[in-house]
Every structure is written in structure tokens, then in C-alpha cells.
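The shown structure was predicted, so the numbers you read here are calculated from the model rather than taken from an experiment. Note: hydrogens, waters and symmetry copies are ignored here, and every other heavy atom, side chains too, is used. Below, chains carry the letters A, B, ... as their sequence lines are ordered, and counting in each starts from 1.
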Amino acid sequence: MMKKRSYVLQSLALLTMLTLSLAGCGSANSDEKASGQEDKKSVELLNVSYDPTRELYEEFNKDFIKKWKDDTGQDVTINQSHGGSGKQGRAVIDGLEADVVTLALAYDIDEIAQTRELLNKDWQTEFDHNSTPYTSTIVFLVRKGNPKNIQDWDDLIQDDVSVITPNPKTSGGARWNYLAAWAYAGKLYNNDETKIKEFMKSLYSNVEVLDSGARGATTTFVERKIGDVLIAWENEAYLSLNELGKDEFEIITPSLSILAEPPVAVVDKIVDKKGTREVAEAYLQHLYSDIGQEIAAKNYYRPRNETILAKYKEQFPQLELVSIDDFGGWAKAQATHFKDGGTFDEIYVPQ
Amino acid sequence: MEQSTFIQQASTKKNKAATQSAALQEPRIIRYTLTCIALAFLAFFIVLPLVSIFITAFQKGVDVYFAAITHPDALAAIKLTLIVVAITVPLNAIFGVMAAWALTKFNFKGKNLLLTMVDLPFAVSPVIAGLVFILLFGSQGLFGDWLFAHDIKIVFALPGIVLATIFVTLPFVARELIPLMQTQGTSEEEASISLGASGFKTFWYVTLPNIKWGLFYGVILCNARAIGEFGAVSVVSGHIRGMTNTMPLHIEILYNEYQFAAAFAVASLMSVMAIFTLIVKDIIAWKSKSS
């Protein structure tokens, strides 16, 4: 009995000690942070972004930290959060305290502005070029040697071609894909809506796997080796090419595509509360600087700066680009094409 | 006294012999087939994936492996996971003992309701567990405005992650103890109380020693789940690198970023933790038998 009791006592004592010591660690840590923020010598920023910008902001943050230190003598720490664009927007609405948001669609930032009024409704006028410092477009990733000889959108509706693209109902990236194809068909058939829908129908009947997100679709194509062509963002296509094998894939740029504009914004209410407005604005402004544009180009985003774009023209072939404004803006495109009963529901028949 | 023990021993021996011969009557081929099926199943569903984790982890060499697990973000994830475990496990151990003690040693109104409530986290999907805390403490939630005004962060910070983990791991200790304490009954406690011991003394000297192995077992299961919880934590984490990513979240991020070797390196670390937990569990089972 005595022996048993001492076991219990020992183990309880151990447990208590462990808890206390770890709790001690935790609180010591928060002390450090608290004092760090009071001290004007350092400042923290949280950039809430979407999935494929990790490499871009890793490089860009390093450069900005150095620049800010040189300019003001202040140390800035930049924390990054990445995830699906819609999910990240939702998290900011639910209380993730982002100083800046750099998301895939203006629609997601609009959502933050509308539901919680964390920033002005006309946030898109705050920075140049609709607050989009870099752009991208939709291209095709095919297997090496292009065995099915895919050159343009109309090759995707051939009977023997298997297409991989995510579901536009759940994926922001997939909406760009859908609209790009729509724009091509619109030009081909002179905006005859029945013919466009027929084109879209045969295109989506060739879709072998309709993943829920862009990264999932890439994995299906690249890792599981399903499909002949992946419709993807240009930057994402280059990333797969470089990370996963230049000898396995090729990028095909179609004759016409859509100008994808991933926007950036300062979250007014949060920066005013934290007192980080100045550094947050400088941070986003730095994306427009020559060096920021260069970093964007190096990470396969098309820079806005014409000179730098020309420098990377090998990487970014010229093509005809339509913009979301040709669809009447995101809110309208969303309502016409992707809400329940929209054109996607009309043309897509689950197999 | 001696005689009765002898008879008892004899009868157990006889019983054992009987069951053994019954087992022997089963044709050899059936026994071997069943064993082989079980082993093949285990090999395919447990051993193979486990081995492949380690193979993938070391695919790009030892350097990449150690770079992955010593990366500041990985270290932060490990530290956060350990902090979460250190807070949730003791709290759930205390709650579990209290709940089991109340539910098995006393009769009161609403007992069955309490029993059902303890089981609730098993039945609810972790995603919902996470969303519940967003609904309560998120900016648009019940306490959202008040928390924002007072600059208190619950979700997308450590407190939210701890709350979600507590919710998900709540039943483990209680569920382990309740059947054990039910079979033990209340006679020993009644004896203790009737001899004049206080309630606390009875608990400390009579109940606790009886349940300690069950308690340990529950704590270990709770611990394993707290380390590995993904769904609920994913919802409330905010995925801020180096700050609110636990180990499972960090693995998912690495995987999605095509860093397969690094993802599996961290996964292998978690597997080692799991194997270690199982060994501790076995030691406890063995110790509790021998005592």
C-alpha cells in the first residue's frame, strides 16, 4: 500500500512540476513579446496571403526587413500565413489580425470590407494598378514533348484529351480557368452564348478529376500522373516545373487568356489598433519598387513595371489578355457563372 | 484458508487446460491462416505506411532531414505542440478523475446527462469543435466585439488552440476510468468513510491507488491525441508560420509546398513520439499487471 501511494505521489509531483515549468516558459515568452511591442525599436507585421505566394514573400520579406532597417533603424518581423484564398479571407473576418492581406481575388478582400468593415470599400484605389502590384495568367501544363499536341483552348475539347482543373465552386483559381476558357470561346463564336456553353460543356466533360482546390489539382496532375493537361496559374505552373522536374513537363501559353490580378490591401482597423499603419503601407508600396517588381518576376509573377517585364520576356510570352472587367467585375461574374443555377451548373454534368 | 486457495488454484489450472485443449482442437490450418491474415493486414496497413514515412523522410539525405526538423518554423511548431500538451493533458486528467469519481461513486439526478456530455466530443467532428470556438470567440462571434475592444486574442492564437484541443481530448481520461471504477464498486470507499476518513482522504488513499494505472493509460491516450489533433486546431489556428502552427499543421503546409522530404521528416518525428507513447503504455500495462 505504502509503495503504491508513493508511486502516485511521485507521478503527481512530476506532472505538476512539468506543467508549472512549461507554463513558466510560456509566460516568460509572452513577457518578451509584450516588451518587444512596447519598444519602438521593433515592430511586427502579419501578412495573410494565399497558397502559392510563399516563395515570393519569403524573398520579398527579407529585402523589406533590410530596407526598413536602413530607412528607419527599426527592426520589423513579418509573420506569414498561407492557405486557400477564400479560407484566409474568412479567417481575417473571424478575427485573424492581419496587418496586410495579399489574396488571390479582389472578391475575397471585398468580402472582408463588406462583412466586417475592416477596410474601406474602395480599398482597390489605395495603391496603383487596382492595388495589384503583380499579375499572372492562366496557362497549360502538359507532359514533356506535348504528346497530345495541345496548343490552344480548342485542343482541350478533343475527345482523347483528359483535362485537370479544380472545381470553380470551391476554388478561386478555378474561376479564372473557367472564365479564361469562356473568353476564348466567346471570341471564337462571336459571343454566341449557346455555342459558348456547348464549348464549355465539351471542355468540362473532358475533366477527369475535379479537385476542390488548385494545389490538389496540381498534385493530381504532377504526383498521381493523371490527365494530359493541367489548367493552371502561370506562376504555379513554373513552380511545378522547377520544383518537380523540368524534364517531365512543358508550359504551353494559349493564344488568349485572362489577366489574373491578385490584389493587396492594408487592413485599416487592425493597423490603427496595433499602430502599424506606416510600416504596413511602406511594405505594400515596396512591392511596386524596382526591386520588389524584380522579386515578383523572379517568382514567376508578371511585374507591372514594363521595363522589368521586358527583361523577363522569355519567361512571360505575349498573349491576348481579357480582364475581369470584361465580365463586369467579380461580383457580376460570380453571380452569372458560379452561384447555384449559374452557367457552371448548366454546363457541368458530373460523370 | 490454505485449502481453499489450493482448490482455487487447482480449478484455475483445470480451466486453463480446458481452454488450451479447446484451442488445440481447432485445425492447424485455420489457426495459421487466421494468424497470417492478421499479420498481413497489420503489415499492409500499419508497418508499410510507417516504414514509408521514414524512407521518404530520409530520401533526400540526412542533411535535408536535420535541416527540416531544426528549421525555426519546425522548432516553433514542436514547441507549440508541447505547450499545448502540457496545458491540456493535466487539465483533462483532473477533469477526467473528477467526472469519473462523480459518475461512479455517487447517485444524483442528471447523471446520465453528464455521462452523455462526457462522450460528446467523441461523437462531434473535430471541424465542428473548431468552428464552435470561432462562433464563440471569433470577431463576429458572441464575445467578438468585447474581445476586440479589450485586445484579447482567443482564436488564431494559443488560447484557441488549447481550447480546441481540450474539447477534442476531453473524454479520454474519464472514459478510461469510468468502467474501471464501476467494476471496483464503492465498498472500499464505504469502509473508509465508515472508519472515519474524510472524503478527500478516502479519495487520496483508497480510490486513487486503485485507479492509478487506468489513469496513466487515459493520460497517455489523451497525450497522443493532443499531439496529433489536426481538424479542430486547423480551424482555430490561423496558420501563422512559426507562431500558431502545431506539428500536424506544419506537416500539411510542408507537404502542400512540395517539400515532401521535409514534411515526412517532421512526420517521422511524430511517429517516433507515437511509438515512444506505445512503449510507455506497454510498460504501464505490464507494471499494473505485476503489481
Side-chain angles (χ1 to χ4, degrees), chain A residues 1-5 7-9 11-12 15-16 18-23 25-26 29-30 33 44 46-48 51-52 54-55 58 77-84 87-88 90-98 115-116 118 213 215-216 218-219 222-223 239-240 242-244 269-270 273-274, chain B residues 73 79-80 82-87 89-91 93-94 131 133-135 137-141 144 147-149 151 153-158 160 162 204-206 208-213 215-216 219 234-245 252-253 255-260 287 291:
Chain A
M1 198 60 188
M2 267 310 284
K3 210 180 145 204
K4 271 190 185 175
R5 195 188 312 151
Y7 260 132
V8 175
L9 282 175
S11 50
L12 271 175
L15 210 70
T16 325
L18 202 75
T19 321
L20 285 178
S21 60
L22 272 161
C25 281
N29 219 358
S30 56
K33 260 177 207 154
E44 259 186 55
L46 174 59
N47 177 1
V48 171
D51 264 329
R54 175 182 165 272
E55 290 79 7
E58 206 171 66
T77 316
I78 299 159
N79 297 311
Q80 286 290 143
S81 170
H82 297 270
K87 183 179 147 201
Q88 294 292 79
R90 186 71 236 176
V92 173
I93 290 170
D94 282 330
L96 183 59
E97 300 203 334
T115 35
R116 239 187 109 203
L118 283 177
R215 270 287 151 105
T218 311
T219 312
V222 168
E223 288 280 301
L239 206 64
S240 331
N242 291 346
E243 299 253 338
L244 301 160
K269 258 199 191 168
I270 304 292
K273 184 180 131 184
K274 290 197 196 166
Chain B
D73 286 353
K79 189 177 155 201
L80 177 66
L82 292 178
I83 291 173
V84 169
V85 166
I87 300 172
V89 174
L91 282 176
I94 293 167
L131 286 175
F133 289 107
I134 299 275
L135 283 181
F137 303 114
S139 299
Q140 301 214 301
L147 290 170
F148 188 77
D151 202 15
K153 274 192 263 181
I154 304 269
V155 286
F156 308 119
L158 180 65
V162 169
W204 192 253
Y205 291 113
V206 179
L208 202 55
N210 276 335
I211 60 164
K212 68 178 172 197
W213 297 118
L215 176 59
F216 270 129
V219 163
S234 173
V235 176
V236 296
S237 141
H239 303 274
I240 309 171
R241 271 146 218 263
M243 288 179 81
T244 64
N245 273 332
E252 194 213 13
I253 286 177
Y255 185 80
N256 280 345
E257 280 165 2
Y258 307 124
Q259 305 188 50
F260 302 120
K287 277 238 178 194
S291 72

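Between chain B and the options A:K269, A:E55, A:E97, the largest number of non-hydrogen pairs under 4.5 Å is found for A:E97. Taking chain B as the reference chain and counting heavy-atom pairs below 4.5 Å, the highest number among A:A91, A:A98, A:P52 is found for A:A91.
Heavy-atom minimum distance, A:S81 versus B:G238: OG-O, 2.6 Å.
In this structure, NZ on A:K87 lies 4.5 Å from OG on B:S234, to the nearest 0.5 angstrom. A:H82 NE2 to B:R241 CZ: the interatomic distance, rounded to the nearest 0.5 Å, is 4.5 Å. B:Y255 contributes atom OH, which lies 6.0 Å from atom OG1 of A:T219 (distance to the nearest 0.5 angstrom). With rounding to the nearest 0.5 Å, the separation of CG in A:N79 from NE2 in B:H239 is 15.0 Å. In this structure, A:L96 CG and B:K153 NZ are separated by 8.5 Å, a value rounded to the nearest 0.5 Å.
A:I270 touches chain B through its side chain: at least one heavy atom from C-beta onward sits under 4.5 Å away, while N, CA, C and O do not. Contact of B:N245 with chain A is not made at all, since no heavy-atom distance falls under 4.5 Å.
Of the possible polar contacts, one joining the B:Q140 side chain to the A:T115 backbone as a donor-acceptor pair under 3.5 Å is found.
A cation-pi arrangement is found for A:R116 relative to B:F148, the charged atom lying closer than 6.0 Å to the ring centre and inside a 45° cone about the ring normal.
The closest side-chain heavy-atom distance from A:Q80 to B:I240 is not below 4.5 Å.
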